Amino acid sequence: MSEFYSDKDVQREVTELQGKSATAARLFDIRRIIGGLFVVYGVIVTIAGFTASDADIDKAEGVNINLWTGLGMLALGVFFLVWLKLRPVAPPPPDVVAGDESGE
């Protein structure tokens, strides 16, 4: 026995799937992943820079390289996350069907 779906049921299902697709696209945006990783690693390297010994700084010719690298990583990570916030991923137009490029 087969079930028949009304146009209203099909439209509701399509709308739900489009919402889920847009949510997945925002969740797995590469800017979020890159920004998050740079922030986490930047915090770790910055802490290593704050706790660097004089011997570590002397090895780098007087530059606290961990501190500067960590701060740079933090800045880059924050840049990616701000970019994500200012320019979120736009969902595809609802009338475009994957694989249908004929325009009909």
Side-chain angles (χ1 to χ4, degrees):
M1 182 169 150
S2 65
E3 290 186 33
F4 294 101
Y5 295 102
S6 70
D7 288 340
K8 190 175 188 178
D9 291 336
V10 171
Q11 184 62 32
R12 182 177 42 81
E13 192 72 27
V14 166
T15 303
E16 288 176 12
L17 288 173
Q18 286 174 343
K20 289 178 183 178
S21 175
T23 300
R26 283 191 303 273
L27 182 62
F28 294 108
D29 188 351
I30 193 73
R31 295 173 294 180
R32 179 183 312 261
I33 296 167
I34 291 173
L37 285 173
F38 268 99
V39 166
V40 169
Y41 291 140
V43 167
I44 293 169
V45 175
T46 301
I47 290 171
F50 282 132
T51 61
S53 66
D54 290 334
D56 291 335
I57 295 173
D58 288 341
K59 276 195 251 182
E61 308 228 353
V63 177
N64 191 343
I65 195 73
N66 283 338
L67 180 63
W68 290 109
T69 303
L71 292 174
M73 291 173 79
L74 277 171
L76 184 63
V78 168
F79 167 75
F80 271 97
L81 295 176
V82 168
W83 180 22
L84 175 70
K85 186 72 173 169
L86 294 177
R87 298 277 185 182
V89 174
D95 59 340
V96 175
V97 177
D100 182 24
E101 296 162 357
S102 63
E104 294 180 22

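Model, not experiment: these values are computed from the prediction.
Considering every non-hydrogen atom in both L81 and G36, the closest pair reads CD2-N, 4.1 Å. Of all heavy-atom pairs between N64 and A52, the closest is OD1-CB, 4.0 Å. T46 and L71 make their closest contact through OG1-N, 3.5 Å (heavy atoms, listed as atom of the first residue, atom of the second, distance). R31 and L84 get closest at one heavy-atom pair: NH2-CD1, 3.6 Å.
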- Residues V39, L74; criterion side-chain contact (heavy atoms from CB on, under 4.5 Å); working and verdict: CA-CA 5 Å; V39 166; L74 277 171; 4.2 Å; yes
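Shown here is D54, whose CG atom has no more than 12 heavy atoms of other residues, nucleotides or ligands within 6.0 Å.
Under the 4.5 Å side-chain contact rule for hydrophobic residues, F38 and V43 do not share a cluster. Under the 4.5 Å side-chain contact rule for hydrophobic residues, I33 and M73 share a cluster. By the rule that hydrophobic residues join a cluster once side-chain heavy atoms approach within less than 4.5 Å of another member, I57 and F50 end up as members of separate clusters.
The CZ atom of F80 lies 9.0 Å from the CD1 atom of I30; values are rounded to the nearest 0.5 Å.
If you run side chain to side chain contact (heavy atoms under 4.5 Å, CB included) between V45 and each of N66, V40, I65, only N66 comes through.
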